[in-house]
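Below: one structure, written as structure tokens.
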Amino acid sequence: MKEYGHLKNYEIILTTKSPVFIGSGMEYSKKEYYYDRAHGKVHIINIPAMLSMLYEKKLIDAYENYILNSDYDLCQFFDMVKITESELNKITEYTANVGDALVQDKPLAGIKQFIRDKSGKPYIPGSSLKGCLRTAILWKMITENKKNFHINQDAKMIEKNYLNKLQLDTKKWTNAVNDIMRGIMISDSEAISSERIILTKKIDLSVHGKPKDIPIIREAIAPNTCVRLILTIDSSVIPCIDIDFIRTAIKEYGSYYYKTFQKFFPMPADSVQENFKNCLVLGGGSGYFGKNIVYPPLSRQEAVRRVAAIMANNADNHHHERDIALGISPRKLKITKYQGKSYHYGVCRIEIR
């Protein structure tokens with residue numbers, strides 16, 4: 001820890017215990033990556049470099065016709081115009097193992113891109129981790145003091161009851177400037193090597209343990225990848241929350257998440273089981289449960305009823321009213337596969353030094 005007056009800095013060691021996906025909002029179409037079926041690899045193409053190469057080879061017109069008038073993938077186009085392996089390597093941004101994400105006899109899907117910095121390197125945004133930490137801190141506050149919880153309020157108002165304590169805007173206490181999380185800052189992570197990026201497919205796991213493949217492919221950080229971020233606590237803003245409170249919140253929330261939600265979904269026999277000690281669920285796959293506080297102050301029956309009503313209102317054609325009979329809502333767990341093993345998406349172990 002380094003201390004500068006009221007500012008205290010700590011190092012966060014984040015270790016991915018399962019594939020983690022944080023999307024950039026961008027997607028590679030099947031005309032933007034080269035699927036090497038023979039070797040089970042995907043080459044993500046540097047488009048400007050490819051266009052320059054095609055221009056030099058007088059293939060721009062052929063490429064334009066391919067983009068506008070054909071439905072086959074980039075691999076087939078490169079084979080047609082006889083792009084060599086050496087030329088392919090020169091225009092490849094990076095290469096990822098296909099693993100369990102793509103199936104040779106099925107149509108190619110778009111690949112959702114992991115968030116990247118200005119130099120094109122993947123990283124974990126501090127804001128994403130802070131969002132997870134916010135949930136854990138709020139959960140601990142509610143479990144320790146339920147007097148600010150009002151059953152008829154929505155989740156956003158419940159958050160404000162606990163977190164909007166700064167009184168910087170005395171006229172409107174719900175204003176975000178009053179949120180005590182202003183006193184907690186988390187840096188973006190260091191850049192992550194592209195060698196740690198894998199391809200994963202989205203799988204919905206039912207409460208009956210039945211997996212269903214969803215036609216969504218994502219770049220993800222491989223399990224057992226370690227990254228570092230900096231946590232800064234401004235004690236002048238939040239004297240009531242110190243590093244011990246945060247560490248305890250992370251430790252206890254991980255256990256709560258497992259007991260209250262994850263254990264209701266029988267994982268496949270090939271799964272890598274995580275005990276969730278000192279773990280948070282980050283990024284795509286954390287779902288509604290990992291981002292909202294409803295269960296802690298309510299009986300399980302009432303919590304399931306309320307979440308089912310919220311889910312039904314947001315997706316009225318998915319029959320979430322049936323969740324009540326199942327005893328869990330949401331009724332799907334987001335999982336994926338990597339190297340023949342099943343994983344709960346987004347599980348990260350957090351250590352604060």
Side-chain angles (χ1 to χ4, degrees), residues 16-23 99-101 112 128 131-132 135-136 139 155 198-223 250 252-296 298 300-301 303-312 314-315 317-350:
T16 60
K17 304 305 293 182
S18 69
V20 174
F21 168 72
I22 302 175
D100 304 279
K112 294 188 179 297
S128 295
C132 296
T135 300
W139 170 82
I198 60 174
L199 300 184
T200 60
K201 62 181 174 182
K202 182 181 177 183
I203 303 170
D204 278 354
L205 183 70
S206 75
V207 292
H208 305 297
K210 294 181 179 179
K212 179 182 178 181
D213 286 6
I214 306 299
I216 295 176
I217 308 300
R218 297 162 162 172
E219 291 184 324
I221 306 174
I250 294 170
E252 294 179 354
Y253 182 79
S255 176
Y256 155 79
Y257 179 90
Y258 174 76
K259 292 177 181 178
T260 310
F261 186 66
Q262 199 272 332
K263 79 169 187 177
F264 284 81
F265 298 87
M267 292 289 285
D270 63 6
S271 66
V272 175
Q273 297 285 359
E274 176 55 51
N275 63 14
F276 282 83
K277 183 178 180 180
N278 293 317
C279 288
L280 298 175
V281 180
L282 179 65
S286 57
Y288 180 90
F289 188 93
K291 297 175 182 176
N292 293 273
I293 297 294
V294 175
Y295 276 69
L298 301 175
R300 181 171 193 87
Q301 184 179 12
V304 171
R305 187 194 66 77
R306 290 198 68 183
V307 175
I310 293 169
M311 301 293 287
N314 292 337
N317 61 334
H318 289 182
H319 301 290
H320 283 283
E321 66 277 1
R322 299 173 184 171
D323 297 359
I324 298 172
L326 295 172
I328 188 70
S329 187
R331 64 173 183 265
K332 300 291 185 183
L333 184 71
K334 309 304 180 184
I335 68 170
T336 191
K337 296 199 74 167
Y338 173 62
Q339 294 185 339
K341 301 291 185 181
S342 297
Y343 291 85
H344 180 333
Y345 253 126
V347 181
C348 298
R349 182 158 292 161
I350 309 296

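Numbers here simply count residues along the sequence, with the first being 1.
- In this pair, Tyr343 and Tyr338 present their aromatic rings tilted. The plane angle is within the 30 to 60° band.
- Residues passing the side chain to side chain donor-acceptor pair (under 3.5 Å) test with Thr336, sequence neighbours excluded: none.
- Smallest separation of non-hydrogen atoms from Ser206 and Lys332: CB-NZ, 3.9 Å.
- Note: Lys201 NZ to Ile335 CD1 = 9.5 Å, rounded to the nearest 0.5 Å.
- Aromatic rings from His344 and Phe261 are positioned such that their centres are separated by 6.0 Å or more.
- Considering every non-hydrogen atom in both Leu205 and Phe265, the closest pair reads O-CD2, 3.5 Å.
- Residues Lys259 and Phe264 approach most closely at O-CE1, 3.6 Å, considering heavy atoms.
- Taking all atoms of both residues into account, the shortest heavy-atom contact from Tyr345 to Arg218 is CE1-NH1, 3.2 Å.
- Considering only heavy atoms from C-beta on, Pro223 stays 4.5 Å or farther from Val272 through its side chain.
- The nearest pair of heavy atoms linking Cys132 to Leu282 is SG-CD1, 3.5 Å.
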Assess the residue pair Asp204 and Lys334 against the criterion (side-chain contact (heavy atoms from CB on, under 4.5 Å)); give the C-alpha distance rounded to whole Å, side-chain angles, the decisive distance to 0.1 Å, and a yes or no.
CA-CA 5 Å; Asp204 278 354; Lys334 309 304 180 184; 2.9 Å; yes
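- Judged as a side chain to side chain donor-acceptor pair (under 3.5 Å), and not counting sequence neighbours, Lys17 has no contacts.
- Put simply, the side chain of Phe21 does not reach to within 4.5 Å of the side chain of Thr200, judged on heavy atoms.
- Of all heavy-atom pairs between Ile203 and Pro211, the closest is CG2-CB, 3.7 Å.
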Could you list the donor-acceptor pairs under 3.5 angstrom formed by side chains in residues 273-280, with sequence neighbours left out?
residue : atom : partner : partner atom : Å
Gln273  : NE2  : Ser271  : OG           : 3.2
Glu274  : OE2  : Phe276  : N            : 3.3
Glu274  : OE2  : Arg349  : NH2          : 2.4
Asn275  : OD1  : Lys277  : N            : 3.0
Asn275  : OD1  : Arg349  : NH2          : 3.2

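- Checked by atom type and distance alone, the side chain of Ser342 never pairs as donor or acceptor with a backbone atom of Asp270 at under 3.5 Å.
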